[in-house]
Structure formats: structure tokens, C-alpha cells
Amino acid sequence: MRIATFNVNGITSRLPALLQWLEETQPDVACLQELKAPQERFPEAALNEAGYQAIWHGQKSWNGVAILGKGVAPQEVGRGLAGDPEDLQSRYIEAVVNGVMVVCLYLPNGNPAPGPKFDYKLKWFERLIARAAELLETGVPAVLAGDFNVMPTELDVYKPERWVNDALFRPETREAFHRLVAQGWTDSLRTMHPDERIYTFWDYFRNAFGRDAGLRIDHLLLSPSLAGALKASDVDREVRGREKPSDHAPTWIELDLSKVHNKLLKPEKVALP
DNA sequence: ATGACTGATGGAATCAGA
């Protein structure tokens with residue numbers, strides 16, 4: 001099973017590129033971020049036509065997340081991240097797809113740092129860490145997929161010294177990401193490419209893609225029950241070089257679920273905390 | 001330290017992104 005994550009940076013203007021990529025790579029599950037569209041303006045019909053069923057949490061102008069299932073309807077577990085009833089931003093949605101718990105998230109950018117936006121990012125991170133711990137306690141096979149807005153190490157940024165004071169790379173941010181992973185999650189892309197400079201985002205500015213001035217900020221984290229099923233992981237880099245691209249490229253994993261067949265969630269057992 | 005580029009909103013200029 002292939003699970004992909006793709007920050008589309010506006011699903012309305014990105015729809016042709018999204019449909020082309022889905023047609024070409026046929027992921028079984030696709031997690032989308034930055035829809036930048038209100039709930040009623042999600043292009044459900046076009047995605048159905050392409051063979052995908054979807055759940056989504058839209059928001060006017062900003063944010064917005066979606067989970068697509070190829071030929072299957074994602075069974076929604078919840079939307080919105082627990083821990084702050086006053087947080088109305090659409091950054092989090094969970095669903096069971098093909099027996100796997102799929103978490104699609106768009107972690108706040110946090111710039112400028114320090115400041116209130118950075119505080120919001122760190123608090124959001126703590127809420128995510130709490131939810132991730134809950135999921136691990138249940139033992140469900142789970143994937144945390146999305147735009148984490150974190151470069152975990154110096155290998156994940158083209159020029160680390162330029163980013164040390166940025167919200168995506170500050171020590172507090174990296175420490176939170178490492179604390180999350182240390183719960184027992186597997187960083188799929190880094191596991192399959194231990195020493196490689198491999199990016200998922202390139203700024204629109206200054207010909208960043210042409211210079212390969214990129215960042216690795218989109219991640220797929222696997223629960224222990226799924227780690228043994230990881231077969232491959234990579235970035236669909238060429239998508240970033242096309243006409244009217246997102247500033248992110250799709251990032252994906254390939255899982256061999258026959259290896260964890262007895263651990264998959266049954267349809268009648270999707271009731272989770 | 002700043003700006004470059006893009007999308008959404010609204011119908012120009014501004015915010016937000018990373």
C-alpha cells in the first residue's frame with residue numbers, strides 16, 4: 001500500500017497538478033495540506049471522477065487538510081487536535097483507511113520566532129505529542145503524515161546556519177520533533193535514505209528549486225506495529241519542477257501490509273479514543 | 001536585515017507562507 005503526503009498550497013489552483021500526480025502514481029492514500037479553501041469549495045466531484053473518495057476539513061483562506069482513499073472511503077475517526085477548544089484552525093484529521101490509522105496534519109509554521117505564532121506552534125506540538133502517545137498506547141498500526149514544518153537535523157536543510165533562528169529549525173522545534181519520534185515512531189524517508197540530502201520543499205524565491213536549496217519538512221512517521229512493513233519511501237521531486245507547482249513535492253511510503261496483516265484494524269474495530 | 005514568489009481575498013493591497 002502506498003501512502004503519500006502532499007502540501008498542495010491551494011487545492012483550487014493546484015487541482016490540475018494534483019489530478020495529474022494522482023493519475024500517474026495512484027497512491028492508495030493521499031494526505032493533503034494547505035487546501036486554502038472553505039469546506040464547500042473542496043473539489044469532491046473531480047476527485048471522485050479520478051477514483052478517490054475523500055474526507056476533508058476546510059477553512060477560508062488558510063490551512064485545510066484532507067485524506068483521500070483510492071476506491072475506498074476513509075472512515076473518519078476525528079478532526080481537530082484535542083487540547084485547545086479555542087483553536088479553530090483546520091490542521092488535523094484522522095481516519096482509518098485499509099485497516100491503518102492515518103493521521104493527516106499541518107503543523108503551524110511558527111514564524112516569526114520568538115512571538116505568539118511560535119508559542120502557538122510549540123503548544124500545538126505538545127498537543128500532537130499527547131495524541132501520538134495515546135495512539136501508541138492503543139497499539140494500532142498508525143501513520144502520522146503531513147507537513148510538520150520541522151527540519152529534524154542539519155542534513156535536512158541546504159544551509160543550516162541560515163536557518164538556526166527560524167521557527168522551522170530552532171532548537172525548541174527540533175527538540176519537540178525528536179521527543180515525538182523517541183516515543184517509538186519511525187521517520188520513513190530518513191530510514192530509507194540514511195545519509196542522503198533529500199528535500200520535500202523548495203521556496204518559490206530565488207530559483208530555489210533550480211539551486212536545490214530545499215528543506216525536508218514533510219514527514220511520514222510509522223508506529224512500531226508498521227515499521228517492519230516499510231518497503232520504500234521517496235519524494236516525487238519532478239512534480240515540483242512542473243508548470244504552476246506547489247512549493248512542496250509529494251512524499252510517499254510503500255508498505256507491505258502482508259507482513260502485519262494480523263495487526264490491521266478490522267472495520268468493526270475503528271472506535272478509538 | 002531585507003527581499004524575491006505565490007495563493008486567497010476581493011476587486012487594490014495585504015496577509016501568510018517557510
Does A:Tyr106 have A:Arg91 sitting over its ring (NZ/CZ under 6.0 Å from centre, angle to axis within 45°)? yes

Sticking with atom P, work out how far B:dA4 lies from B:dT14, rounded to a whole angstrom. 14 Å

Checking B:dG17, B:dG7, B:dT9 against the side chain of A:Lys117 (C-beta onward), the nearest is B:dG17

With heavy atoms under 4.0 Å as the rule, sort A:Phe169 into base, sugar-phosphate or nothing. nothing

I'd like to know whether A:Asn9 forms a side-chain hydrogen bond (donor to acceptor under 3.5 Å, both in side chains) with A:Lys36, so could you lay out the CA-CA distance, the side-chain angles of the two residues, the decisive distance to 0.1 Å, and finally the verdict. CA-CA 7 Å; A:Asn9 188 17; A:Lys36 289 184 168 180; 2.8 Å; yes

Can the ring centres of A:Trp202 and A:Phe209 be said to be less than 6.0 Å apart? yes

Length of the line joining A:Trp202:CH2 and B:dG17:C1', which is rounded to integer Å: 17 Å

Nearest to the side chain of A:Pro38, heavy atoms from C-beta on, is which of B:dG7, B:dT9, B:dG17? B:dT9

Does A:Asp156 come within less than 4.0 Å of A:Arg174, counting only side-chain N to carboxylate O? no

Please classify the nucleic acid contact of A:Thr12 as base, sugar-phosphate, or nothing, using heavy-atom distances under 4.0 Å. sugar-phosphate

Ring centers of A:Tyr92, A:His57 separated by less than 6.0 Å: no

C1' gap between B:dA12 and B:dG7, integer Å: 16 Å

A:Asn7 versus A:Asp218, side-chain donor and acceptor atoms under 3.5 Å: no

Say we look at B:dG3 and B:dA8: how far apart would their P atoms be, to the nearest angstrom? 24 Å

Closer than 4.0 Å, any side-chain N/O of A:Lys36 to the OP1 or OP2 of B:dT6? no

Could you tell me the separation between the CD atom of A:Gln59 and the P atom of B:dA8, rounded to a whole number of Å? 14 Å

Taking the side chain of A:Arg206 as heavy atoms from C-beta outward, which of B:dG7, B:dA4, B:dG17 is closest to it? B:dA4

Using a 4.0 Å heavy-atom cut-off across all strands, classify A:Asn165 as base, sugar-phosphate, or nothing. nothing

Base, sugar-phosphate alone, or nothing: which one does A:Arg162 contact when heavy atoms must sit under 4.0 Å apart? nothing

Between P on B:dT14 and NZ on A:Lys60, what's the gap in Å once rounded to a whole number? 18 Å

When A:Arg41 and A:Asn7 are each assigned the nearest nucleotide of DNA chain B, the 5'-most assignment goes to A:Arg41

So A:Asp147, base contact, sugar-phosphate only, or nothing? Heavy-atom distance under 4.0 Å. sugar-phosphate

Find the distance A:Leu35:CG to B:dT9:P and express it as a whole number of Å. 12 Å

Looking at every strand, decide which applies to A:Asn9 at a 4.0 Å heavy-atom threshold: base, sugar-phosphate, or nothing. sugar-phosphate

Whole angstrom is fine here: how far is it from CG in A:Leu107 over to C1' in B:dG17? 14 Å

Between B:dC15 and B:dG10, how far is it from one P atom to the other, in whole Å? 14 Å

At 4.0 Å (heavy atoms only), tell me whether A:Asn149 reaches a base, stays on the sugar-phosphate, or touches nothing. sugar-phosphate

Could you check how far CG of A:Asp218 sits from C1' of B:dG17, rounded to whole Å? 13 Å

Side chain of A:Phe205 - closest among B:dT9, B:dA16, B:dA4: B:dA4

How long is the line joining CG of A:Asp203 and P of B:dC5, in whole Å? 11 Å

Distance check needed: B:dC5 P versus A:Arg240 CZ, whole Å only. 13 Å

